[in-house]
Amino acid sequence: MGKKFQKNLYLTAGFNTVSLGTGRKEFSPKNPRPNIDQYISDAGKGTLKQLTASASAIDDIVISNFMAGRFVKQGHLGAFASVIDPALEYKPSIRVEGACCSGGLGLMTSIRNVLSGLSDVSLTVGVEVQNTVKALYGADILAGAAYYAGMRKEGHAFFFPGIFDKRAKAYSEKYGAEKTRQALARWYENAILNARKCPEAQEHHNTDPNPYQTGLTTPNAKAFLPNLNVFDCSKVSDGGSSIIVASEEGLNKLGKDKSEAIQIAGYGHVVGNITVTYPDASVLETTRRAVAAAYEMAGIGPDDIGVFECHDCFTITGLLSIEAAGFAEKGKGADFVLANNIRSEGRLPTNTSGGLVGFGHYTGGTGIRQAVDVWKQLTKTAAGTQVNIDPNRPYGLTISMGGDDKSVVAIVYQRAF
Amino acid sequence: MNLNSKMNKVAIIGAAGKMGSGISLLLLNLMSNMKLKKELPSNSSLVLIDISDEALSGLYQYLRTQMVKLAEKNINFLRETYADRSDLVENGEMIDEFISESLSIIRLTTALEAAKNATMVFEAATENMDIKSTILNNLCSLVDTNCFFYTNTSSIPISTLENIATLKGRIMGFHFYNPPSVQKLVEVIKAQNTRAEVNEFALELGKSLKKILVPSNDVAGFIGNGHFIRDGLYAISEVLRLQNEYTIHGAIHMLNRVSQDLMIRPMGIFQLIDYVGIDVFQLILKVMNQSLNENLQSALIDRYLAKEIKGGQFSNGQQKDGFLKYEKGNPVAVYSIDEDRYISLNEDRIFKIVDEKLYPLADGHSPWKNLLTCSTSDRDQKLNTYFKNLWNQNHLGAKLAKNYLLRSESIGKHLVDSKVANNAEDVNAVLVNGFYHLYGPINNLFPKEKN
Ligand SMILES: NC(=O)c1ccc[n+]([C@@H]2O[C@H](COP(=O)([O-])OP(=O)(O)OC[C@H]3O[C@@H](n4cnc5c(N)ncnc54)[C@H](O)[C@@H]3O)[C@@H](O)[C@H]2O)c1
């Protein structure tokens with residue numbers, strides 16, 4: 001705790017592919033779709049295109065992914081780096097995994113590589129292809145993000161929705177079911193409204209005239225779960241994201257001006273115990289610790305954050321993240337959301353491209369996708385999703401979370417100087 | 001009566017046909033779930049018999065795919081039931097286990113002898129007296145006198161079948177609607193001597209299959225076809241009356257639109273005949289004509305069939321062309337028997353002229369689809385308002401609709417009077433549940449005076 005960076009760390013040249021899955025007009029489970037190598041290539045190339053330097057300026061590559069071994073029967077993703085550019089062949093490249101926090105861990109790996117001095121420019125690519133199996137079987141695969149041997153057998157058919165349903169239940173019971181449902185509905189509405197503004201988002205084509213009303217639907221335990229609806233869940237997605245982590249020297253090598261970059265002010269990387277279920281389901285304790293560490297390192301607090309990207313794998317997770325990140329006290333996250341703070345024109349624009357519920361959730365890439373979106377917001381290149389950031393609160397915060405609040409990477413960003 | 005008392009060996013004859021495959025799926029699902037709950041006698045089997053080898057292999061594929069879908073839908077129940085199976089953890093593993101247990105129940109064969117010692121038989125072979133009687137006669141020598149028989153015949157009186165074989169008291173009609181796995185309605189028909197336990201078992205089975213059972217008496221056509229065939233013949237007689245003025249294709253289009261739009265039914269009468277199959281319509285018509293003293297026949301139907309215009313469906317469920325030609329399930333042309341070709345709805349002005357005769361729709365009209373999702377009381381009120389307004393209209397479409405509604409009502413009443421149905425409620429239940437009408441033919445929704 002209280003550690004400071006020995007050098008400045010910059011992020012630049014972020015890129016997100018389309019998040020492909022149900023909701024996108026071009027998606028049909030029957031149509032052929034891009035493979036995982038295509039997504040690695042598309043995402044990486046999206047970043048390289050923004051550089052004046054050639055790919056040989058990249059010192060190492062990190063590929064973050066959760067379960068390609070089961071979704072597409074592919075391991076050894078590190079060795080796919082050269083599909084992005086032949087110049088990457090024979091460079092150090094590694095795949096990292098930490099469930100849905102894989103993207104956050106990818107960034108952390110690049111950060112460490114640059115801090116160590118071994119790299120000046122580290123390329124992080126996050127990717128997942130999940131539409132290869134029906135959601136019912138995908139649930140079995142994703143259950144690997146929890147303690148499989150100890151928890152899968154007793155779990156719900158869809159597994160993670162069952163776990164987060166318990167969190168929604170705990171929160172509702174503690175703070176009121178009606179208020180909770182209304183806040184989840186507003187969360188859903190925000191996700192859809194923001195996704196419509198983002199051409200890559202999975203819900204970009206959503207035409208629901210009243211997403212809030214949809215969000216208010218009373219959950220049906222028989223059809224799905226007692227406290228969550230299907231649209232309270234993040235989406236099943238294919239896609240990839242990519243961004244560069246660089247030192248000052250690295251930025252220079254790439255020919256990138258600081259105006260095109262953001263800077264890391266602090267991070268927290270905290271990992272809980274996967275073999276146990278924490279007693280209070282109404283809080284995200286690991287997330288709380290990770291964010292606190294990031295604030296401490298950056299020397300700031302929640303009141304300094306102007307834009308927020310959280311891991312809303314379910315609408316309820318979004319609500320709990322608001323509290324874990326200190327934007328509202330325990331039990332007041334719902335009120336915070338109901339007061340429209342999270343909207344793009346609100347006090348704390350949150351998940352400006354739709355988040356996991358609206359943009360989509362290609363699990364291994366989501367942590368990178370969040371960094372890309374904050375980079376766009378802080379460099380004012382977010383096009384249709386651009387929000388105004390209060391100059392008195394110039395920081396961006398991302399939370400990348402794996403499993404049931406077990407692996408968490410929280411990062412605080414600011415404009416590069 | 002205990003369900004599993006007859007589940008030792010169930011045989012389905014004509015199992016690979018349209019109806020047989022659906023019935024096979026229903027019984028396989030029932031038996032598989034009983035097996036899962038350890039309620040099925042050990043070594044129980046479902047023997048699926050058909051003369052077509054090729055169709056049987058298609059049947060196996062169909063059952064497998066459909067059972068997987070059902071298992072996926074039923075995953076919560078599977079997870080509960082397999083809770084103590086530590087070797088089964090994932091959804092996929094449980095579904096695989098369930099499917100392999102399920103498929104191990106079935107035996108596919110072309111040999112009728114495989115039905116030896118069956119405890120229950122479903123007969124769903126081709127609608128032909130000779131075929132059915134041969135099958136039933138042969139079966140009688142293969143099974144003992146405790147075997148119950150259920151036949152899916154659409155038109156042959158069950159008592160006739162009861163007499164041809166030594167089936168006295170052991171057979172009854174169990175008449176599914178197409179497709180059996182989806183349609184909720186089953187008409188159950190006792191023959192003259194059907195024993196009480198055969199009927200009781202049918203009711204028990206129907207309940208387990210989650211069907212709505214309506215008793216019909218043993219008169220050719222029963223309630224459903226009894227109404228449908230006469231309803232169709234009425235539409236044809238109207239076409240013949242109107243064809244001079246509006247051409248035959250114009251008149252067919254007119255009656256089709258009147259029956260769908262103005263009478264607020266799910267599909268027009270000629271589309272429905274196409275759906276059932278013009279050949280099937282004729283077959284049932286013939287059987288009804290043989291046993292009823294009513295002169296039920298149609299030269300027009302015979303003429304279409306002579307041109308090989310048959311309707312019905314392709315094996316993938318797609319509609320074949322009949323009176324109407326279809327694109328993506330929607331009518332786009334009408335066959336003119338006079339010109340010997342399909343005439344597109346855009347091609348001939350007559351269709352436009354006809355359409356104009358049907359409008360305006362009376363106030364309060366809502367399409368069938370919209371009313372389907374209303375509450376019953378709401379729907380009845382809307383229908384009542386609409387029919388009142390319809391009765392005050394005087395254009396050709398309104399007249400045709402009113403006369404047609406009254407004809408449908410009188411067919412319904414005739415079914416009660418001639419003791420095919422026990423009461424008006426049963427007639428209505430068949431039309432509502434088997435034909436998806438929003439109102440029974442015998443109702444209090446429209447004013448009763450004739451125009
Ligand atoms: N199609 C409908 O809408 C419908 C609705 C209700 C009832 N029914 C009745 O169901 C029965 C079957 O009709 P379908 O439409 O399924 O017909 P179908 O032609 O699709 O199926 C009949 C099956 O019986 C098989 N078959 C013929 N002779 C056989 C024999 N000797 N032994 C074993 N199998 C034999 C055929 O190979 C065929 O697979 C008929 O009695 C029919 O009246 C049909």
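Since we're looking at a predicted model, the values are computed, not measured. Sequence lines set the chain letters: A, B, ... in the order given, protein chains first and strands last, and positions in each chain run from 1.
- The cationic group of B/Lys320 lies under 6.0 Å from the six-membered ring centre of B/Phe314 and within 45° of the ring axis, placing it in a cation-pi geometry.
- None of B/Asn74, B/Leu36, B/Leu70, B/Leu88 except one satisfies the side-chain contact (heavy atoms from CB on, under 4.5 Å) rule with B/Phe98; the exception is B/Leu36.
- Here the closest non-hydrogen pair linking B/Gln260 and B/Pro266 is NE2-O, 3.4 Å.
- For B/Ile95, the part lying near chain A is the side chain, with the backbone staying farther off; criterion is any non-hydrogen pair under 4.5 Å.
- In summary, the side chains of A/Asn65 and A/Glu128 do present a donor paired with an acceptor at a separation below 3.5 Å, with no hydrogens or angles considered.
- For A/Ala139, the part lying near chain B is the side chain, with the backbone staying farther off; criterion is any non-hydrogen pair under 4.5 Å.
- Annotation: maximal heavy-atom pairing with chain B below 4.5 Å, among A/Tyr137, A/Phe159, A/Phe158, occurs at A/Tyr137.
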